[in-house]
Amino acid sequence: MKLAKKDWFFIILIIAVFGGFWAISGEVKTKKVPHDDAHKRFYDAFNSGATKIDLDAQCPSCHFEGPGGIPFPKEHPVKPADGPMRCLFCHKFKSK
Ligand code: HEC
Ligand code: HEC
């Protein structure tokens with residue numbers, strides 16, 4: 001069977017769609033917010049309707065650079081110096 005031009009188009013389309021899923025699934029590999037004593041109140045607040053943007057603003061009370069803070073890994077994609085960080089945009093809540 002000889003592949004016509006439109007068959008190739010279809011094959012490439014399928015590869016592109018699967019590539020897209022793969023790229024999206026890679027994103028959610030970023031570590032999730034731990035469900036522990038330090039973070040439980042954020043789960044509770046979120047489940048009672050708080051917006052992620054409001055909650056983001058509270059993360060730096062523990063997560064900051066310097067003495068007493070929980071430092072970010074060196075390769076962290078954003079730094080506190082870049083301005084307010086949308087933590088929960090990248091670090092998702094666990095689903096249970
Ligand atoms: C009361 C202090 C405190 C606050 C507030 C806090 N964290 Fe944390 N966070 C910690 C501590 C301590 C750790 C390291 C130990 C652990 O995993 O709980 C940590 C670890 C993490 C980790 C890494 C988890 C892992 O698997 O390595 C992520 C992601 C995280 N926090 C996100 C957040 C986000 C997002 C917020 C704001 C919604 C937040 N934290 C607010 C104390 C805090
Ligand atoms: C643009 C996306 C992005 C944003 C915004 C972001 N992070 Fe991260 N963070 C990452 C990535 C990617 C890593 C690398 C390790 C991983 O897979 O979690 C990381 C790693 C971490 C770690 C170390 C996890 C570990 O144990 O290896 C902590 C703690 C953390 N982030 C907390 C935060 C907090 C708190 C905020 C908001 C102040 C924040 N992050 C904002 C993407 C992001």
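The model shown is predicted, which means the values in this text are computed figures rather than measured ones. Counting convention: from 1, in listed order, for ligands and their atoms alike.
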Protein N, O or S atoms lying under 2.8 Å from atom 8 (Fe) of ligand 2, listed by chain and number: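 Atoms qualifying: H76 NE2, H91 NE2.
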
Ligand 1 contact by R41, heavy-atom criterion under 4.0 angstrom: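 Distance cut 4.0 Å: R41 passes for ligand 1.
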
Cation over ring face, K52 and F46, 6.0 Å, 45°: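 Yes - K52 lies over the ring of F46, closer than 6.0 Å to its centre and within 45° of its axis.
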
Over all atoms of both residues, closest heavy-atom pair of [X] and [Y]:
X	Y	result
V33	L88	CG2-CD2, 3.6 Å
A45	L55	CB-CD2, 3.8 Å
D56	C87	OD1-N, 3.2 Å
K31	H91	O-ND1, 2.8 Å

Suppose we measure from [atom] to each protein heavy atom; which comes out shortest, and what is that distance?
atom	result
atom 36 (C) of ligand 1	C59 SG, 2.7 Å
atom 5 (C) of ligand 2	R86 O, 3.3 Å
atom 18 (O) of ligand 1	D36 OD2, 2.3 Å

Any N or O of H39 closer than 3.5 Å to N or O of ligand 1: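 Right, the criterion is met.
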
Side-chain cluster (under 4.5 Å, hydrophobic types only) that F9 belongs to, other residues: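 Listed partners: none, F9 stands alone.
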
Pairing residues for R41 by the salt bridge (Lys or Arg N to Asp or Glu O under 4.0 Å) criterion, not counting sequence neighbours: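 Scan of R41 (salt bridge (Lys or Arg N to Asp or Glu O under 4.0 Å), adjacent residues dropped) gives none.
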
D36 atom CG, over 12 foreign heavy atoms within 6.0 Å: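 Enclosed: over 12 neighbouring heavy atoms sit under 6.0 Å from CG of D36.
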
Verify atom 15 (C) of ligand 1: protein non-hydrogen atom under 4.0 angstrom away: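 It does not; no protein heavy atom is within 4.0 Å.
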
D44 (side chain) donor-acceptor with N47 (main chain) under 3.5 angstrom: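 Looks like no, no N/O pair under 3.5 Å.
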
For atom 3 (C) of ligand 1, the option (of A45, C62, P34, A38) bearing the nearest heavy atom: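 Selected option, by shortest heavy-atom distance: C62.
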
Numbered atoms and elements of ligand 1 in range of [X], under 4.0 angstrom, heavy atoms:
X	result
L88	35 (C)
S61	5 (C)
I70	9 (N), 10 (C), 11 (C), 12 (C), 13 (C), 42 (C)

Minimum side-chain heavy-atom gap H35-K40 below 4.5 Å: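 With C-beta onward as the side chain, the pair touches.
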
Sequence neighbours excluded and cut-off under 3.5 Å, please list the side-chain donor-acceptor pairs for residues 60-84, or say none.
{"unit_1": "S61", "atom_1": "OG", "unit_2": "Q58", "atom_2": "O", "d": "2.8"}
{"unit_1": "H76", "atom_1": "ND1", "unit_2": "V78", "atom_2": "O", "d": "2.7"}
{"unit_1": "D82", "atom_1": "OD2", "unit_2": "K79", "atom_2": "N", "d": "2.9"}

H63 neighbourhood, listing ligand 2 atoms whose heavy-atom distance to it stays under 4.0 Å: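 Every atom of ligand 2 under 4.0 Å from some heavy atom of H63: 29 (C), 35 (C).
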
